Amino acid sequence: MTKPKVKKRFAVLLVTLLAAMLLLERSAVAAENDLPAQLIRYADLVLYNGQVLTVDADFSVAEALAVRDGRVLAIGTSEVMLRLAGPDTERVDLAGRTLTPGYIYNDGDNAVPGGDFYKDTMVGGWLSGRIPGDDMEVLLSSLDDVLDQAEPDEPVFVNMPKNFPAEAFDWTADDLDKVAPDNPIALFYTSSDVRANHAMLDRAFAMGLRRDHFGVIKDASGEPTGALVHEATGFIGWQARPYPSRAYIEKAMRDAKASFLGYLSVGVTTTTGHMSGLTISMLNEIFHSGELSMRVFPGHDMTRQNPFPEQYLKRVGNIVDFSLYDPERGPMVKIVGAALASLDDGPNSPSGILTIEPKDRIMPELGGTPYGWNKWTGESVTGLSWEDLSDEQKLQTDWNTMRLLIKYGWNTSGNHNMGSGAMKVVLNAVDNAYNTDEVLFKQIKPNAYDHNVIWHEDNFALIDKYNEQLRFGLKINEYFDPRLVDGKAPLLYEYENQLDTLQPVKDLIERGVNVHFEGSDGSNHPMTIIKWAVTRSDDQGRVIAPEQAIDRKTALRMITWNAARFFGEEANLGSLEPGKWADLVVLNGDFLGVSDDEIDTLHIDLTYVAGRLAYDARLWQ
């Protein structure tokens, strides 16, 4: 008698349960917003109805992109991406405009004032740039103006004019004692050529610079002449120089924030370059004040031209990839390597570009030599080429620092190499470093070198051998927006008959060399760089090496994914793929649709760093 009742009750209970479950399911679907917020994660930002250039391996093109927690959530059609949006999602109608990854510049040495701290003019606790003085009268007057600002016995540092009078290069400590009788003084002609008076020499020796160092130039009697080169110059520029005043640092940080806006206004969301401890300290303070609006990834200058690199490396340890991390935007400051000294100078300097093949001719207004000077050897003073150095002398240059960096797991980053001769020395230093038995720690990132304006076939054996460990920036603007001396472009004048082969962009890409286009600051517009690469012509219609032209998609990759690969960040930056940081740029038109000659008419409407709006052109008209 009881069994039918039990079955009936069980059936009723089962029906009730099923009905309740169905009701709950329908309620959840109908009133999803009533669920706890922790269970609902809509996209934070959806950009739709546009042309999304992902720059992934297939260069996929989509209509829309969704962002959540600072990263790319999904990419696809506008319809699908908008289904990821919730009541609080920001929606941006691209109205057909192009969306690309944020651009990456690798020559950002001066993203923050103080990037050239080691050679800047410094007096009264303030840093400034080069003094005027292309002729001796103006130069002496400029030096007097600087010294008038100094207290007695205050060390004074001067960044000399790029085209200084030739006779000033021969000044000795005795000469500078007369120029600055009351102050230690050091004149920086280049980053590796200094003249100091006796008071500055005494200061450096008292602080630890060895008198017998190769870079301390001596006369026939063994006495220092006042000339210093390479690592001795670095000691003067960093160890013997005090930090600037707090008043200067506060102004410099204000200037830095304006500099960041300049980058963001042209779509640059990340910059890297060699940077001083002063720069890194300012970045730290700006980050912790919540005012760092873009990513800055330094190659630390701590070993650059440092006579004691191993002491620093052992005390600091390997801090490559250490970062200042914003929970919402990811790494905003990250150490990506250590810098070495530049091996050569620029085309507008008498020191010139160090090359394997000679110049076609020497520009009379500039002077110099057919092959340029080697700054590691102090060739402008010593007369020694790299092949002339003894093994003991090489150990007192950044050749040895390269070996030590690789020994302790560091990589080089932010290194200035203009010419094929400079590249040859660097590649041989790399080869020497990897062929020792002293490597203690594995490298985390590749060795990266800036500029690379002039290439030569002789260097490719070592480039091919170490291709996975090497990255090269290409300073294409040296050809299409060249530096001038007296209205003339030295690079185009001195290498006139070699221009078709000096920087073979297309050939390098096809050969598999890890290259990208570099930019330095907001004055270098990425769309202009791309136009140069595609058309191979400048604003005057001058065409250079047209056979090295590349298509615009490849050129875009050269300032995004390839640029991220330059410092080992291609897994996080440089393309728009789910999981990567959502550093985004919205152009004011159709990147794929404009003609080649009109690429540089495209400008930046919006720039995002990790999905957060960092620049809006409408607010800066």
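Remember, predicted model here, so these are calculated numbers, not experimental data.
Residue-environment remark: CZ (Arg315) stays at or below the threshold of 12 foreign heavy atoms within 6.0 Å. Heavy atoms of other residues, nucleotides or ligands lying less than 6.0 angstrom from CD of Glu328 number 12 at most. Atom CD of Glu167 has more than 12 neighbouring heavy atoms from other residues, nucleotides or ligands inside a 6.0 Å radius. Within a 6.0 Å sphere centred on NZ of Lys162, heavy atoms belonging to other residues, nucleotides or ligands number more than 12. The number of heavy-atom neighbours closer than 6.0 Å to CZ of Phe441, taken from other residues, nucleotides and ligands shown, is 12 or below.
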Can Tyr243 and Phe117 be said to form a ring pair (Phe, Tyr, Trp, His ring centres under 6.0 Å), step by step? CA-CA 9 Å; Tyr243 262 18; Phe117 168 58; 5.5 Å; yes

Apply the test side-chain hydrogen bond (donor to acceptor under 3.5 Å, both in side chains) to residues Asn306 and Gln239: give CA-CA distance (whole Å), side-chain angles for both, the deciding distance (0.1 Å), then the verdict. CA-CA 9 Å; Asn306 188 342; Gln239 280 97 321; 3.3 Å; yes

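Using bins of under 30°, 30° to 60° and over 60° for the plane-to-plane angle, the ring pair Trp373/Phe169 lands in the parallel bin. Between Phe480 and Trp532, the ring-plane angle classifies as parallel under the 30° and 60° cut-offs.
Side-chain atoms of Asn106 do not come within 3.5 Å of backbone N or O of Thr272 as any donor-acceptor pair. With hydrogens and angles disregarded, a donor-acceptor distance shorter than 3.5 Å links the side chain of Asp175 to the backbone of Thr172. Using a distance-only test at 3.5 Å, with no hydrogens or angles considered, a donor-acceptor pair links the side chain of Asn452 to the main chain of Gly473. Under a 3.5 Å cut-off, the side chain of Arg211 and the backbone N or O of Phe205 do not form any donor-acceptor pair. Side-chain atoms of Arg241 come within 3.5 Å of backbone atoms of Tyr118 as a donor-acceptor pair (strictly under, hydrogens ignored).
Here the rule is side chain to side chain donor-acceptor pair (under 3.5 Å) with Tyr408, and of Lys314, Gln443, Arg403, Glu310 only Glu310 fits it.
Of the inter-residue distances, the one linking Ile559 atom CD1 with His516 atom NE2 reads 10.0 Å to the nearest 0.5 angstrom.
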